[in-house]
Each structure stands twice: as structure tokens, then as C-alpha cells.
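A short write-up of the structure that comes next.
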Amino acid sequence: MKLWNHGITARLLGIGVTSLFLWNPPSAQADDPLIIATASPAGVYHVVGRALCRVVETPCRAQPSDGSSANLRALRRGELQLAMAQSDLHLYATLGTEGFRNDGPNEALRSVFSLHSEPFTLVVRRDAGIRDFEDLQQRSVNIGNPGSGQRGTMLRLMDARGWSRTNFRQTHDLPADQQSMELCHGNIDAMVYTVGHPNASVAQAIRLCDAEIVDVQGDFVDLLVDAYPYFTRASIPAGLYGPDQQAVETFGVKATLVTTADTDPDLVYRLVASVFDDFTRFKAAHPALGQLTPQAMIQDGLSAPLHEGALRYYREQGWVEAESMMSERHAQPRLAVHDAARPD
């Protein structure tokens with residue numbers, strides 16, 4: 001089985017070997033709990049982080065955070081053992097591109113597995129007259145807090161459309177757990193969220209302030225999906241948020257679980273084994289996990305090499321061949337990003 005669909009330069013092919021010598025953050029104490037950094041407590045990341053902690057037989061805590069970019073930087077600083085991150089930011093951190101350009105390639109970053117799909121979700125007040133992404137011009141929009149995956153995806157979409165912040169009347173930097181109430185109070189016309197569904201924050205906006213989810217489609221979306229291997233077509237099924245909610249067409253990314261080369265292989269092995277040995281129980285933790293398969297989880301959305309503890313389990317199951325795991329990587333995306341819209 002091939003984990004990565006695209007080649008990459010010879011320099012990056014050496015990541016799996018050289019990083020073991022370049023990365024040596026402080027080790028956690030034996031009696032410290034395992035920390036899995038998630039994102040906003042209102043999002044699916046935190047629910048999934050708690051589900052991971054429930055299945056692993058070691059003290060574990062799901063820790064809210066500012067989101068994917070913040071998690072990836074904390075991993076690099078040696079402040080975390082495991083974290084969740086969007087597949088696009090996972091790639092940028094691996095390569096040292098886009099918002100991680102000043103950091104350089106993270107040669108210590110390791111993949112564990114991918115998780116649920118995260119559709120890019122545009123939620124608007126019905127009385128705002130917003131029917132699609134184009135209608136956001138000269139409106140007040142929350143693009144997400146710095147460090148969050150939703151902000152990174154929104155900035156990428158703005159760039160593909162040729163927009164900057166000046167195209168909106170106002171932009172806000174609210175975290176996910178605050179944006180639905182700001183929508184209800186009329187302080188913003190729309191909010192964006194890259195998240196698995198159903199989601200409590202989206203449900204709150206629909207229930208309390210007559211909000212709705214609208215399609216995000218167009219030539220600029222086609223450009224994104226064609227240019228970037230981590231973006232895919234996505235849909236939000238009808239009826240998730242009540243009988244009147246229509247099916248929504250959009251695009252999205254994958255949630256991924258990441259770590260560093262320094263993390264104890266036995267710990268990662270136990271976590272991975274706990275998830276897949278009781279896979280039905282794990283998938284039952286949230287509807288967004290219901291369609292997961294082992295094959296997709298060890299292939300889709302992963303850019304950094306697999307951690308040796310995870311790889312050991314996958315080899316034991318016969319899911320991967322030893323020689324296939326470090327030889328191929330995602331290609332760098334073909335669409336240039338303007339500095340003004342580069343993710344945080």
C-alpha cells in the first residue's frame with residue numbers, strides 16, 4: 001500500500017533518518033499524563049481527543065488549544081507529545097512552507113493516523129441575505145483566531161478568490177467557541193468553521209439565531225481542490241441540524257493525529273493498538289468518525305512519515321509494506337499563495 005500519492009525532493013526524503021539526530025526535546029516524566037492537544041472545546045477535535053484518551057490504557061488528558069497551527073508549533077518546541085492538526089497545516093509544517101516558512105521544515109514531525117473529514121462550513125444569519133461565498137463581500141465575517149485551522153483554510157480560500165480583508169466590511173478573529181453567540185447577537189453576519197459534523201457550535205447558531213449553512217462552490221474552489229492534494233470535495237448531509245437543513249456542497253480537509261520522532265514508540269504503539277483493537281467503540285464516540293476505515297486512516301491526509309510506534313502496529317496487521325512507508329511524499333501544491341493571505 002502506498003501512503004503518499006506524490007513524490008517530493010530528495011532533501012525531504014531524508015527526513016525520517018536525519019530527524020532522529022536533529023530533534024531532542026525534553027522527555028516527559030514517567031508519571032505525567034499523556035496530553036493530546038485538540039482545539040476549541042466546542043469543536044469535534046476535542047471530542048475526538050477525549051475519545052482517544054478513553055481507549056488508551058495510560059493516564060491521558062485532551063487539552064484545548066488555539067488550534068492546528070498552535071499545536072504544530074507546540075510539538076516542535078517539545079511542549080506536547082501528541083496533537084491534532086488539519087491535513088493542510090500538517091503538510092506546511094512538514095515542509096516549512098506558507099505560515100511555517102520562518103520555522104523551516106519540521107524534520108521531527110511524525111504522523112500517527114488521520115481521522116474524520118472536516119468540511120469548510122459557512123454559517124450565516126438568514127436575515128443577512130447571504131446565499132453563497134460571493135455574498136460575503138462587504139459583510140462582517142469571523143475568519144477564526146490566529147493559529148486555528150479554520151483561519152488557515154479561510155485565508156487559502158480568500159487567496160484563491162483573489163480577496164483580502166479589504167473585501168469585507170469587517171473581519172473578526174474570534175475563536176470557535178465564541179463565534180456562534182456573536183452571530184446570534186448580530187455582531188457578525190457570517191462565521192466559517194473547518195470542522196466535522198454534527199458540531200455543537202454550528203447547532204447552537206442554527207437553533208438560537210435562525211442561522212443556516214450555505215454552499216461554498218465556484219471556480220476558485222475547483223482551483224483549490226485541483227491544486228492541493230489535501231483538499232477534497234465534501235458535503236454536509238441534509239437533516240443533521242433539523243428537518244429543514246438542506247444538503248450542503250463544499251470542500252474540506254482531514255483531521256490528523258501527529259507527534260514527533262522523540263515520542264516513546266511503545267506509547268504510540270499502545271495508543272494505535274487501543275484504537276484499532278476496539279475500533280467499533282472508538283468510531284461510536286462521534287458521528288463524524290462513523291465512516292472511518294483503517295486503510296483511509298493510515299493513508300489519507302498524511303504528509304510527515306509515520307511514527308515508528310504506529311508503523312510497527314500497521315506492519316503487524318499486514319496493512320503496510322516496510323519499504324513503502326518512507327519512500328513517497330505529497331508534492332508541494334501548485335498554487336502560489338500571496339503574502340497577504342498566507343495562513344498564520
Side-chain angles (χ1 to χ4, degrees), residues 39-40 43 66-70 72 85-93 95 97-102 118-125 128-176 178-179 182-183 187-195 202 211 213-234 236 248-254 332-344:
S40 165
D66 285 335
S68 295
S69 291
L72 289 161
Q86 284 184 195
S87 54
D88 50 347
L89 300 182
H90 179 154
L91 176 63
Y92 302 155
L95 300 179
T97 59
E98 311 307 338
F100 297 89
R101 192 176 303 276
N102 291 337
E118 297 187 284
F120 180 81
T121 307
L122 176 57
V123 184
V124 304
R125 294 197 334 269
I130 299 170
R131 295 291 172 259
D132 55 30
F133 192 83
E134 293 294 316
D135 289 337
L136 293 181
Q137 292 195 78
Q138 298 309 309
R139 305 303 181 98
S140 179
V141 181
N142 184 51
I143 65 173
N145 61 286
S148 67
Q150 71 194 73
R151 183 187 181 97
T153 306
M154 179 61 169
L155 293 176
R156 176 72 58 200
L157 187 61
M158 288 164 54
D159 190 70
R161 180 59 186 84
W163 286 2
S164 69
R165 287 180 180 241
T166 61
N167 288 89
F168 306 103
R169 185 176 77 250
Q170 288 181 312
T171 58
H172 299 257
D173 307 320
L174 300 168
Q178 297 178 20
Q179 60 183 354
E182 292 299 298
L183 190 76
N187 295 328
I188 57 176
D189 299 314
M191 67 187 209
V192 300
Y193 208 175
T194 308
V195 69
V202 174
I213 311 171
V214 299
D215 292 340
V216 180
Q217 299 186 86
D219 292 343
F220 59 101
V221 176
D222 297 339
L223 178 64
L224 278 179
V225 173
D226 291 343
Y228 294 96
Y230 45 76
F231 283 138
T232 61
R233 305 287 179 186
I236 303 169
V248 174
E249 296 302 320
T250 182
F251 72 106
V253 294
K254 283 281 190 179
Q332 294 194 52
R334 298 182 295 278
L335 181 66
V337 177
H338 303 150
D339 290 341
R342 183 166 290 124
D344 299 287

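Both backbone and side-chain heavy atoms feed into the values below; hydrogens, waters and symmetry mates do not. Residues take their numbers from the sequence shown, with the count starting at 1.
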Nearest non-hydrogen partners of Pro175 and Asn145, listed with the distance: CA-OD1, 3.3 Å
Distance-minimising heavy-atom pair for Leu89 and Ser69: CD1-OG, 3.4 Å
Audit row: Leu136, Leu122, side-chain contact (heavy atoms from CB on, under 4.5 Å) steps and yes/no: CA-CA 10 Å; Leu136 293 181; Leu122 176 57; 4.0 Å; yes
Rounded distance [0.5 Å steps], OG1 in Thr153 versus CZ in Arg151: 12.0 Å
Ring-ring centroid check Tyr92 Phe100, cutoff 6.0 Å: no
Donor-acceptor pairs are to be reported for all side-chain atoms of residues 216-223 against protein atoms at under 3.5 Å, with residues two or more places apart or in another chain.
residue	atom	partner	partner atom	Å
Gln217	NE2	Asp215	OD2	3.4
Asp222	OD1	Arg233	NH1	2.9
Asp222	OD1	Arg233	NH2	2.8

From Met158 atom CE to Arg161 atom CZ, the distance as rounded to the nearest 0.5 Å: 11.5 Å
Closest non-hydrogen atom pair between Asn167 and Gly162, with its separation: OD1-O, 4.5 Å
Verdict with supporting geometry, Phe168 and Trp163, side-chain contact (heavy atoms from CB on, under 4.5 Å): CA-CA 9 Å; Phe168 306 103; Trp163 286 2; 3.8 Å; yes
Donor-acceptor contact present, side-chain Asn142 to main-chain Leu174, <3.5 Å: yes
Ser68 side chain to Ser148 backbone, donor-acceptor under 3.5 Å: no
Side-chain donor/acceptor of Asp88 to backbone N/O of Tyr230, under 3.5 Å: no
Heavy-atom closest contact (Ala160 atom, Leu224 atom, distance): CB-CG, 3.8 Å
Interatomic spacing from OH in Tyr193 to CD1 in Ile213 - rounded to 0.5 Å: 12.5 Å
Worked check of side-chain contact (heavy atoms from CB on, under 4.5 Å) between Asp189 and Arg169: CA-CA 10 Å; Asp189 299 314; Arg169 185 176 77 250; 3.5 Å; yes
Exam field: side chain Thr121 to backbone Pro119, donor-acceptor pair closer than 3.5 Å: yes
Check: Ile130 main-chain N/O paired with Arg139 side-chain donor or acceptor under 3.5 Å: no
Intermediate values then yes/no, side-chain contact (heavy atoms from CB on, under 4.5 Å), Val141 and His172: CA-CA 6 Å; Val141 181; His172 299 257; over 6 Å; no
Min side-chain heavy-atom separation Glu118-Lys254 under 4.5 Å: no
Main-chain N/O of Leu155 paired to Asp159 side chain as donor or acceptor, under 3.5 Å: no
Arg131 versus Val214, closest heavy-atom pair with distance: O-CB, 3.7 Å
Euclidean distance, Leu157 CG relative to Thr194 OG1, rounded to 0.5 Å: 9.5 Å
Spacing of Thr171 atom OG1 and Arg165 atom CZ [to the nearest 0.5 Å]: 3.5 Å
Minimum heavy-atom distance Ala190-Val124, with the two atoms named: CB-CG1, 3.7 Å
Point-to-point distance, once rounded to the nearest 0.5 Å, from CE of Met191 to CD1 of Ile143: 14.5 Å
